[in-house]
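Values below: all heavy atoms of this structure, side chains included; hydrogens, waters and symmetry mates excluded. Start at 1 and go down the list; that is how both ligands and their atoms are numbered. Residue indices begin at 1 and follow the sequence shown. None of these values were measured; they are calculated from a predicted model.
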Amino acid sequence: MVSGPVVTRFAPSPTGFLHIGGARTALFNWAFARHHGGKFLLRIEDTDRARSTDAAIDAILDGMAWLGLDTDDTPVYQHKNADRHIEIAQKLLASGHAYKCYCTPEEIESMRETARAAGKPLRYNGTWRDRDPTEAPDGRAYVVRFRAPKHGEIEIDDCVQGAVTIANDQLDDLIILRSDGTPTYMLSVVVDDHDMGVTHIIRGDDHLTNAARQIQIYNALGWQVPEFAHLPLILGSDGVKLSKRHGSLGVDAYRDMGLLPEAMRNYLARLGWSHGDDEIFTTEQLITWFGLEAIGKSPARFDMTKLENVNGHHIRRHDDSALATLVCANAPELAPVQDALEDAMPALKERAKNLHEIADMGGFLISTRPIDITEKAAKSLTPDTRGRLAALHPRLETLNNWEKAAIETEIRAFLNDYDLKLGDIAPALRAALTGLSVSPSIFDVVALLDKAEVLGRLKDQI
Ligand code: GLU
């Protein structure tokens with residue numbers, strides 16, 4: 001058991017965008033550290049210099065900043081620790097926990113052939129494990145291999161998967177230093193996690209067997225093994241491994257879709273973790289409630305519709321003024337009417353699932369006459385309804401108090417006089433004033449526009 005303060009880390013390889021799975025891993029590490037008042041660290045695993053790109057690093061940093069996943073130290077760039085990784089490899093060599101392997105590429109290829117013929121993955125056959133290194137031909141290149149224990153087993157007491165046992169004879173002697181002297185991933189991860197004081201490794205379950213190999217290395221070094229929590233995959237809504245087709249995009253794409261970071265945190269948390277029946281919660285609640293014991297063992301399914309629903313809830317909880325600022329940042333054409341947008345926000349956000357819908361619905365505030373009317377909205381403008389708008393026009397013209405309550409009273413009185421129901425005029429009124437078939441309540445719409453503008457837009461349709 002780990003004692004002392006919790007330290008977690010997110011350790012992405014910067015070879016692509018920060019996708020949903022990575023964002024969830026980051027969130028779980030962050031929430032766990034915050035829950036325990038510990039530290040959350042970021043390590044960029046950029047040892048594969050050919051595949052790591054600055055653009056991917058930026059995408060990871062931007063995505064985490066947008067998601068509000070703040071770290072407690074500057075990011076660690078793994079490739080900068082290479083000297084330290086080599087030092088530890090030398091230490092393992094010196095203690096006999098590693099050895100030099102002088103196999104030629106041809107010999108390795110023949111092991112691969114044998115494995116392939118048996119339908120098994122390549123396993124090193126141990127040629128140099130016990131051979132005297134002085135037998136090596138002069139000047140022949142070598143790799144350094146970890147001398148993995150042959151007997152017994154590794155038990156991973158995984159916080160999510162439970163007890164997982166892997167027999168040591170299933171794990172061969174992996175390379176820790178390549179022939180060019182560079183360290184390999186498996187060694188670097190262990191050394192960095194140890195040096196960063198990581199107490200809990202929370203990551204995708206594709207790393208579960210790596211954990212067994214890593215535990216062997218921890219043991220050889222006499223280092224304390226951290227706790228592991230391997231998260232089940234995220235599947236698409238059809239139960240197949242999540243891909244672009246299911247909406248698995250970079251985190252930036254979700255920002256561009258007009259989602260709020262708190263909604264994203266809420267939804268991502270529910271991809272594998274639960275707290276009773278709670279579906280909608282704040283980030284403070286997430287931090288208070290989060291624990292590894294409530295992470296499920298079966299894969300979660302990503303569902304864009306649900307994400308948008310969660311976003312709608314958070315939009316309605318979000319401060320109106322802050323929302324107006326966000327909407328204007330997305331739709332700069334609305335910036336001149338930001339105040340009006342803020343006034344309209346309680347009505348606008350009522351049905352919106354994302355910030356773009358708010359912008360679209362708020363667009364009527366800046367439309368200029370004659371306003372564009374969508375095909376769908378135009379259907380409600382018939383000779384009959386245009387006649388009703390014509391009858392309503394003078395009633396509004398003589399109304400002096402241009403406030404929502406007074407407007408509503410006047411329109412209802414008009415309906416009463418003509419023996420009409422609200423539904424007999426609202427769609428046409430909405431079309432004439434907003435050009436849309438959905439909008440905030442019609443009384444809000446009238447009140448949010450200037451009287452002259454309302455009368456003008458009505459005139460245009462009469
Ligand atoms: N860099 C690895 C990856 O992106 C993660 C390694 C780890 O979390 O231990 O899959």
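- Of the charged side-chain nitrogens involved, at least one lies within less than 4.0 Å of a carboxylate oxygen, so that Asp130 and Arg147 count as a salt-bridged pair.
- When the side-chain hydrogen bond (donor to acceptor under 3.5 Å, both in side chains) test is applied to Gln90, no partner is found at least two apart in sequence or on another chain.
- With sequence neighbours left out, Arg203 forms a salt bridge (Lys or Arg N to Asp or Glu O under 4.0 Å) with no residue at all.
- Ion pair Asp72/Arg34 flagged as a salt bridge, since at least one NZ, NE, NH1 or NH2 atom sits closer than 4.0 Å to an Asp/Glu carboxylate oxygen.
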Protein N/O near ligand 1 N/O, under 3.5 Å, which pairs?
unit_1: ligand 1; atom_1: 1 (N); unit_2: Ala11; atom_2: O; d: 2.7
unit_1: ligand 1; atom_1: 1 (N); unit_2: Ser13; atom_2: OG; d: 2.9
unit_1: ligand 1; atom_1: 1 (N); unit_2: Glu45; atom_2: OE1; d: 2.5
unit_1: ligand 1; atom_1: 4 (O); unit_2: Ser13; atom_2: N; d: 3.3
unit_1: ligand 1; atom_1: 4 (O); unit_2: Ser13; atom_2: OG; d: 3.3
unit_1: ligand 1; atom_1: 8 (O); unit_2: Arg9; atom_2: NH1; d: 2.6
unit_1: ligand 1; atom_1: 9 (O); unit_2: Arg9; atom_2: NH1; d: 3.4
unit_1: ligand 1; atom_1: 9 (O); unit_2: Arg9; atom_2: NH2; d: 2.7
unit_1: ligand 1; atom_1: 9 (O); unit_2: Arg203; atom_2: NH1; d: 2.7
unit_1: ligand 1; atom_1: 10 (O); unit_2: His207; atom_2: NE2; d: 2.9

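- Less than 6.0 angstrom separates the ring centroid of Phe290 from the ring centroid of Trp273.
- Sorted by first and then second residue, the salt bridge (Lys or Arg N to Asp or Glu O under 4.0 Å) pairs with a member in residues 346-356 read Asp320-Lys349, Lys353-Glu357; sequence neighbours excluded.
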